[in-house]
Trainee: 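Handing you this structure, nothing more for now.
Counting starts at 1 for both ligands and their atoms, following the listed order. Counting begins at 1 with the first residue of the sequence. This is a predicted model, so every value here is computed, not measured.
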Amino acid sequence: MGREVKRRRTFAIISHPDAGKSTMTEALALHARMISEAGAIHGKAGRKSTVSDWMEMEKARGISVSSTALQFNYTSEHDGPDDAPHVINLVDTPGHADFSEDTYRVLTAVDAAVMLIDAAKGLEPQTLKLFQVCRHRGIPVITVINKWDRPGQTPLELIDEITERIGLTPTPLYFPVGIAGDFRGLLDRRTGEYVHFTRTAGGAKVAPEEIMDADAAAAREGDEWTTALEESELLTEMGQDHDQELFLAGQTSPMIFASAMLNFGVRQLLETLVELAPAPEGRADVDGTVREVTEPFSAVVFKVQAGMDASHRDRLAYMRIVSGEFERGMVVTHAQTGKPFATKYAQAVFGRDRSTVDLAYPGDVVGLVNAMALAPGDTLFIDPKVQYPPIPSFAPEHFSALRVNTADKYKQFRKAMDQLDSEGVVQVLRNDLRGDASPVLAAVGPMQFEVVTARMKSEFGVATTIEPLGYSLARRTDADSAVELGRQRGVEVFTRTDGALLALFSDKWRLQYVEKEHPDLTLEPLVATAD
Ligand code: G4P
């Protein structure tokens with residue numbers, strides 16, 4: 001058991017759309033020999049169509065785009081012949097048009113994050129949002145500068161940008177030899193060796209590597225090598241060498257320069273994950289008592305997805321195993337209801353493919369089919385009982401009123417609303433003025449509204465209309481302040497299903513104005529991860 005846990009690494013890639021997350025996912029799987037040629041996951045030639053078909057299909061049926069986990073084995077160069085391979089779980093963060101609470105929730109299921117940055121673009125908004133969640137949850141971050149085969153910023157510019165904008169100190173492990181657009185290889189700053197890469201046709205195969213000592217590197221790359229050495233020394237002088245404690249504390253970030261497309265730097269990322277990223281650890285329950293990984297089975301549901309399979313209207317709940325061994329078929333207890341839950345249909349899911357999971361360990365992600373009673377944040381366990389803290393709700397930025405089109409469907413409408421609310425598809429806000437017939441939906445990404453209307457129609461037979469509201473920002477308030485806030489222009493107060501009072505503001509200028517005029521009102525930011 002301890003051995004199974006030790007060899008596991010569970011992580012997510014956080015990035016802005018187009019930084020190369022899909023390409024890197026394929027490259028990682030290629031290196032782990034899970035597939036023989038890059039593209040097997042999405043099918044490189046037909047990748048676009050495969051992915052978009054899937055999304056169209058999901059969209060047409062009103063399901064949120066899948067967030068799943070890819071598992072593969074990896075044997076490190078440092079492993080002995082008798083060592084079992086490492087088990088890598090890559091949990092996908094949905095994050096394109098469908099940026100939603102699920103994107104954040106995934107980060108409650110991982111032990112580390114890889115922040116993937118486009119060398120030409122530097123830090124981008126979605127990466128920043130996701131990074132803040134990692135920081136708040138204390139998830140250590142490895143930084144990968146991708147697309148080094150294309151013109152971009154200099155290494156030191158990128159390092160400065162990260163240091164200054166987010167207060168994270170990059171400590172490059174592998175420094176590029178050759179400027180962005182002329183990617184020759186990597187200086188391994190810890191061994192002083194040079195890793196020279198050779199391109200393969202279309203980047204479809206693992207790029208051959210040649211390891212050289214400093215003299216051979218200097219002879220081969222000349223000035224490019226000298227520049228890399230000088231800049232690396234500069235970083236050492238500034239104290240920017242890897243420090244495991246500071247990395248785990250979220251203060252520094254091991255950094256790798258890479259090209260996912262050419263498969264350069266990908267093996268280095270896998271080695272870094274295996275060597276430096278933490279293995280699964282125990283988790284504190286609602287009372288603060290830690291359930292150790294070696295104790296009996298427990299898991300947290302971090303995402304619930306409806307209707308992936310059109311033939312049977314199923315509902316898939318993804319759980320991250322926290323402790324103990326999971327065996328398919330075992331009957332576990334659902335902590336929230338105290339009811340038994342049979343796990344006959346446990347699956348690993350990636351893309352469209354599902355395969356049955358028979359055994360799983362802490363760090364692994366398992367999909368449970370037919371999970372009608374499960375909601376994000378729920379705990380499953382085998383005695384002794386444990387219940388983990390709920391997944392925090394995240395700060396919504398989009399608000400819409402939802403209306404049922406015909407009054408005779410009102411009952412179904414309420415039922416559907418309760419269902420979608422409990423699944424955590426959107427946050428549901430109500431106030432006396434609008435009444436129950438027109439709740440306000442709050443979401444992190446606007447696509448969630450489409451998901452709601454489509455599911456209302458397909459699963460509950462209720463036609464609804466979405467009306468976007470002119471609010472863009474929410475603050476938590478209290479009953480005393482709510483009275484005064486209710487009198488303000490451009491402000492409306494709501495009660496969320498969990499009882500929290502939220503004041504919605506049209507924009508940040510309105511909020512600033514109200515804060516200035518009424519400094520004693522309670523207006524707390526909804527931290528992206530208010531635990
Ligand atoms: P995403 O999942 O983060 O959105 O990004 P994705 O992997 O789809 O990559 C976005 C685009 O960037 C793709 O180009 C991809 O080929 C390219 N790309 C990813 N990694 C690298 C890299 O290391 N170097 C270079 N030069 N390009 C990279 P596209 O034109 O949109 O699609 P495609 O026709 O190339 O597949």
Trainee: So, Asp92 and Lys21, do they make that salt bridge, N to O below 4.0 Å?
Mentor: yes

Trainee: Based purely on interatomic distance, does Ala258 place a nitrogen or oxygen under 3.5 Å from a nitrogen or oxygen of ligand 1?
Mentor: no

Trainee: Of all the atoms in ligand 1, which lie at a distance below 4.0 Å from a heavy atom belonging to Arg150?
Mentor: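 Those of ligand 1 that fall under 4.0 Å from Arg150 are 26 (N).
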
Trainee: Backbone or side chain, does any N or O of Ser22 fall under 3.5 Å from an N or O of ligand 1?
Mentor: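 So ligand 1 has an N or O lying under 3.5 Å from an N or O of Ser22.
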
Trainee: Going by atom types alone, do Arg189 and Thr236 pair a side-chain donor with an acceptor below 3.5 Å?
Mentor: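 The criterion, which ignores hydrogens and geometry beyond distance, is satisfied for Thr236 and Arg189.
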
Trainee: Just let me know how Asp18 lines up against ligand 1, side chain, backbone, both or neither, with a heavy-atom cut-off below 4.0 Å.
Mentor: both

Trainee: Any salt bridge linking Asp111 with Arg9? Criterion: basic side-chain nitrogen under 4.0 Å from a carboxylate oxygen.
Mentor: no

Trainee: Without hydrogens or angle criteria, can the side chains of Glu275 and Gln244 be said to hold a donor-acceptor pair below 3.5 Å?
Mentor: no

Trainee: Who gets closest to atom 19 (C) of ligand 1 by heavy atom: Leu262, Val266, Asp118, Thr23?
Mentor: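 When every heavy atom of Leu262, Val266, Asp118, Thr23 is considered, Thr23 comes closest to atom 19 (C) of ligand 1.
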
Trainee: Is Asp149 paired with Lys147 through a side-chain N to carboxylate O contact shorter than 4.0 Å?
Mentor: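 No, this pair does not count.
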
Trainee: How far does CZ of Phe394 sit from CG of Asp102, to the nearest 0.5 angstrom?
Mentor: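 Atom-to-atom, Phe394:CZ and Asp102:CG are 9.5 Å apart.
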
Trainee: Only one of Glu271, Arg267, Arg7 forms a side-chain hydrogen bond (donor to acceptor under 3.5 Å, both in side chains) with Tyr74, so which one is it?
Mentor: Glu271

Trainee: For ligand 1, which atoms, with element, lie under 4.0 Å from some heavy atom of Lys21?
Mentor: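 Those of ligand 1 that fall under 4.0 Å from Lys21 are 1 (P), 2 (O), 3 (O), 5 (O), 7 (O).
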
Trainee: Relative to the heavy atoms of Asn146, which atoms of ligand 1 are at a distance of less than 4.0 Å?
Mentor: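 The list of qualifying atoms is 20 (N), 21 (C), 23 (O).
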
Trainee: Within the structure, does Met24 bring an N/O atom to less than 3.5 angstrom of an N/O atom in ligand 1?
Mentor: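 It does not: no N or O of Met24 is found under 3.5 Å from an N or O of ligand 1.
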
Trainee: Show me which atoms of ligand 1 lie under 4.0 Å from any heavy atom of Ser259.
Mentor: 22 (C), 23 (O), 24 (N)

